[in-house]
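Only one structure is covered here, and it is reproduced in the block below.
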Amino acid sequence: MSNSGFPNLKNCNLDAMKSDFLYHIDINVPDTKNTADIQAQFGDVKFVCMGGTKNRMLDLAKYLRSLILPEHNNDELIDISAAGNRYAIFKVGPVLCCSHGVGMSTMSVVLHELLKLVHYAKCQDPIFIRVGTSGGIGVDPGTVVITKDAYNGYLRNEHEIAILGKRVVRPANFDSCLAQDLLHCSNGSFNYNVVLGNTMGAECFYEGQGRLDGASCHYSESDKMAFIQQCYDKGIRNIEMEATMFASLTKHVGVKAADICVTLINRLNGDQIQITKDQKHEFEQRPFNIVGKYIQKVLAEK
């Protein structure tokens, strides 16, 4: 983060670009030296909330609107990036609600472009929060996990990426103060468990998470259980598919971020989700409640 509070991205090439088309979210920055129009549209953004699907982000946008802009509850929510045909973005006052797809590769694309968007818009100290679902480890379904540190499939607290044929490794830690603030907002407020724990960000849904129910599996159930126990011993309380990339990139460019996911299953008890559709829908709202309360708190302090 720059001294001004505006995101100061780690790419000197951006300074030399005359224009920048954020292709995947269909937002054009025609003049990177004069971004008044972008600032007028997005300069008030304080929170960027991200989740897997368009429908979930639409639900989140509606929920947050009911909390911070109830007078606009009957207005139509417009998908700003609809013409891009890849992601969905809804703006509710100082909040952007953005879909990111499944996994690190799809999230990485939109995250880079959203980070550039808040950079061009000169957003003041923006906060990025991912809300989603996950598989729990040693916690009951419905437990909300606020991530402390993210671990990769090798159970290392880092994210690795191949850049120009070389292995680049970056730390994968989320902002500890933001995680504590989110945890504090949940204390005594809701009738479900909220814990601060580590999260494993897997490269895939099946083998990479040690599942026994994929199209390929060369390990035994005892191998799987030993691995899941190893995760638990490292303080990992849930597994999803975005945490390490999300933590490492936001930390690398100096933007505060948090990952808050509800668990749909306890992987110590199996691989197949057993909850009903109604339970799943109710569970998915739980991270919304905490994020909504946090946003209300921050806005009230301004």
Side-chain angles (χ1 to χ4, degrees), residues 51-53 56 59 102-104 107 129-157 172 174 179 182-183 185-247 258-291:
T53 69
R56 186 180 299 164
D59 286 345
V102 177
M104 297 184 209
M107 186 183 190
I129 303 175
R130 185 182 109 73
V131 297
T133 58
S134 62
I137 297 181
V139 295
D140 292 332
T143 300
V144 177
V145 179
I146 300 170
T147 304
K148 179 184 176 184
D149 295 320
Y151 284 72
N152 63 16
Y154 298 104
L155 300 188
R156 298 172 184 156
N157 178 209
F174 287 102
L182 286 164
L183 183 63
C185 282
S186 71
N187 288 342
S189 299
F190 309 109
N191 61 347
Y192 46 80
N193 291 330
V194 182
V195 301
L196 184 66
N198 297 327
T199 295
M200 175 181 161
E203 295 287 347
C204 71
F205 186 77
Y206 287 98
E207 291 175 295
Q209 296 189 31
R211 291 180 179 274
L212 302 173
D213 56 352
S216 171
C217 179
H218 66 276
Y219 42 85
S220 67
E221 183 173 5
S222 60
D223 293 333
K224 168 217 164 169
M225 293 306 298
F227 174 73
I228 297 296
Q229 184 63 50
Q230 190 178 359
C231 291
Y232 184 85
D233 293 343
K234 284 186 174 289
I236 295 172
R237 294 297 175 264
N238 65 334
I239 303 177
E240 41 92 284
M241 298 174 62
E242 294 84 14
T244 52
M245 183 281 303
F246 183 39
D259 199 336
I260 175 168
C261 292
V262 68
T263 61
L264 302 182
I265 187 175
N266 182 355
R267 291 292 310 287
L268 288 172
N269 297 332
D271 297 333
Q272 290 281 316
I273 295 174
Q274 302 294 330
I275 60 175
T276 66
K277 287 185 178 180
D278 287 343
Q279 285 177 310
K280 180 176 180 291
H281 179 73
E282 191 272 317
F283 285 178
E284 288 176 346
Q285 310 306 304
R286 294 182 176 185
F288 292 7
N289 302 151
I290 298 169
V291 171

Checklist outcome for this item: Rounded to the nearest 0.5 Å, the CG atom of Leu212 sits from the CE atom of Met225 at a distance of 9.0 Å
Side chains of residues 145-153: which donor-acceptor pairs under 3.5 Å do they make with residues two or more places apart or in other chains?
unit_1, atom_1, unit_2, atom_2, d
Thr147, OG1, Thr199, OG1, 2.7
Thr147, OG1, Asp259, O, 3.4
Asp149, OD1, Asn173, ND2, 2.9
Asn152, OD1, Tyr154, N, 2.9
Asn152, OD1, Leu155, N, 3.2
Asn152, OD1, Arg156, N, 3.0
Asn152, ND2, Glu158, O, 3.4

Next on the checklist: Measuring only between side-chain heavy atoms, which start at C-beta, is His281 closer than 4.5 Å to Thr276?
Outcome noted: no
Next on the checklist: If you count every heavy atom of other residues, nucleotides or ligands that lies below 6.0 Å from Glu221 atom CD, does the total exceed 12?
Outcome noted: no
Checklist outcome for this item: Taken to the nearest 0.5 Å, the spacing of Ile290 CD1 from Leu182 CG works out to 7.5 Å
Item to check | For the student: nearest non-hydrogen atoms of Ile260 and Pro287, plus distance | outcome: O-CB, 3.9 Å
Next on the checklist: Let's go through Tyr206 and Asp271 carefully: what are the C-alpha distance in whole Å and the side-chain angles of both, what is the deciding distance for side chain to side chain donor-acceptor pair (under 3.5 Å) to 0.1 Å, and is it a yes or a no?
Outcome noted: CA-CA 9 Å; Tyr206 287 98; Asp271 297 333; over 6 Å; no
Item to check | Nearest heavy-atom neighbours spanning Glu242 and Met104 | outcome: CA-CG, 3.8 Å
Checklist entry - Checking Arg211 against Phe205: charged group under 6.0 Å from the ring centre and within 45 degrees of the axis? => result yes
Item to check | Shortest non-hydrogen contact between Arg237 and Tyr232, atoms and distance | outcome: NH1-O, 3.0 Å
Next on the checklist: Is it true that Glu207 and Ser216 share a donor-acceptor pair across their side chains at a distance under 3.5 Å?
Outcome noted: yes
Listed pairs under 3.5 Å, donor-acceptor, residues 134-143 side chains, sequence neighbours left out:
unit_1, atom_1, unit_2, atom_2, d
Ser134, OG, Asn238, ND2, 3.2
Ser134, OG, Val262, O, 3.1
Thr143, OG1, Asp140, O, 2.7

Item to check | Reported CG-to-CD distance for the pair Asp59 and Gln285, which is rounded to 0.5 angstrom | outcome: 6.0 Å
Item to check | Non-hydrogen atoms of Gln209 and Ala202 that approach each other most closely | outcome: CG-CB, 3.5 Å
Checklist entry - Is there a side-chain contact between Met241 and Glu203, using heavy atoms and a 4.5 Å cut-off? => result no
Checklist entry - Is the closest side-chain heavy-atom distance between Ile275 and Leu264 below 4.5 Å? => result yes
Checklist entry - Say you draw a straight line from CG of Asp278 to CZ of Phe283; how long is it, rounded to the nearest 0.5 Å? => result 11.0 Å
Item to check | CA sep, side-chain torsions, deciding dist, call: Asp233, Gln229, side chain to side chain donor-acceptor pair (under 3.5 Å) | outcome: CA-CA 6 Å; Asp233 293 343; Gln229 184 63 50; 3.0 Å; yes
Item to check | Minimum heavy-atom distance between Ile265 and Gln272, given as atom pair plus value | outcome: CD1-O, 3.2 Å
Checklist entry - Any chance the rings of Phe174 and Phe246 have centres within less than 6.0 Å? => result yes
Checklist entry - Are Arg130 and Cys261 close enough, and set up right, to give a side chain to side chain contact (heavy atoms under 4.5 Å, CB included), and what steps lead you there? => result CA-CA 8 Å; Arg130 185 182 109 73; Cys261 292; 3.1 Å; yes
Item to check | Where Thr133 and Glu284 come nearest, the two heavy atoms and their spacing | outcome: CG2-CG, 3.8 Å
Item to check | Trace of the side chain to side chain contact (heavy atoms under 4.5 Å, CB included) decision for Asn193 with Val144 | outcome: CA-CA 6 Å; Asn193 291 330; Val144 177; over 6 Å; no
